[in-house]
Amino acid sequence: MTLQGVDHHFDEARPEPAFSNSDEGIGWTDANCSTCVHDLAARTGNQLGGCPLVTVSLMGRRPVQWLDGPRDEHGRYSRARQYVCVEYRHEDDGPTDPQPIPDPPGQLQLLPRDDYEGVRMLLRPNPATYPAPAA
Ligand code: SF4
């Protein structure tokens with residue numbers, strides 16, 4: 001899925017600040033957005049062409065595309081991996097638009113794709129609800 005405008009992502013964002021302070025925010029964006037194609041325009045001088053998700057975070061909301069990164073048993077996380085952005089694409093990764101596998105020629109499409117395309121919300125297993133594997 002390609003990114004939409006700031007208003008769209010602001011409306012769907014979680015109504016909570018993404019970071020507790022600017023140092024935390026700069027640490028995360030430096031570790032993630034500094035190589036992402038979606039913020040390439042801002043890095044090359046077009047400040048209005050930056051990533052809308054970063055803009056949403058600066059407006060006090062947490063984009064739904066930012067999933068929790070790995071935590072240790074105490075809930076601690078590194079600044080660089082506080083979130084995992086599902087829209088991250090390395091700037092050397094090729095085209096920014098998704099490249100779906102085309103329907104085979106002469107075949108019918110069983111289900112329309114539109115309803116199934118969008119942001120994936122992956123959840124990590126909750127260790128409290130999953131028993132440890134038997135030894
Ligand atoms: S898509 Fe995600 S990783 Fe890429 S610039 Fe935007 S917020 Fe950063």
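Predicted model only: the values in this text are computed from it and were never measured. First listed ligand is number 1; within each ligand, the first listed atom is number 1.
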Item to check | Electrostatic pair Arg62:Asp68 at N-O distance under 4.0 angstrom | outcome: yes

Checklist entry - Would you say Cys36 reaches atom 4 (Fe) of ligand 1 with an N/O/S atom under 2.8 Å? => result yes

Checklist entry - Got a sec: is His38 within less than 2.8 Å of atom 2 (Fe) of ligand 1 via an N/O/S atom? => result no

Next on the checklist: Using the ring centroid of each side chain, check whether Tyr83 and Tyr88 are separated by less than 6.0 Å.
Outcome noted: no

Checklist outcome for this item: Near Glu87 (heavy-atom distance under 4.0 Å), the atoms of ligand 1 are 1 (S)

Next on the checklist: Tell me if a side-chain donor or acceptor on His9 pairs with a main-chain N or O of Gln4 at a distance below 3.5 Å.
Outcome noted: yes

Item to check | Shortest heavy-atom approach to atom 8 (Fe) of ligand 1 - which of Cys33, Ala31, Ala18 | outcome: Cys33

Checklist outcome for this item: In this structure, CZ of Arg81 is separated from CH2 of Trp28 (nearest 0.5 Å) by 11.5 Å

Checklist entry - Closest non-hydrogen protein atom to atom 7 (S) of ligand 1, residue and atom name please, with distance? => result Trp66 NE1, 3.4 Å

Next on the checklist: Quick check on the hydrophobic clustering: are Trp66 and Leu58 connected, directly or via other members, by side-chain heavy-atom contacts under 4.5 Å?
Outcome noted: no

Next on the checklist: Considering non-hydrogen atoms of the protein only, which is the closest contact for atom 6 (Fe) of ligand 1, and what is the distance?
Outcome noted: Cys51 SG, 2.3 Å

Checklist outcome for this item: Numbered in order shown, the ligand 1 atoms found under 4.0 Å of a heavy atom of Leu53 are 7 (S)

Checklist outcome for this item: If you scan protein heavy atoms around atom 2 (Fe) of ligand 1, the nearest is Cys85 SG, 2.3 Å

Checklist outcome for this item: Taking only non-hydrogen atoms of Asp39 and a 4.0 Å limit, the atoms of ligand 1 in range are 5 (S)

Checklist entry - Same hydrophobic cluster for Leu67 and Val56, using side-chain heavy-atom links shorter than 4.5 Å among ILVMFWY? => result no

Item to check | Sidechain N-carboxylate O distance under 4.0 Å for Asp23, Arg79 | outcome: yes

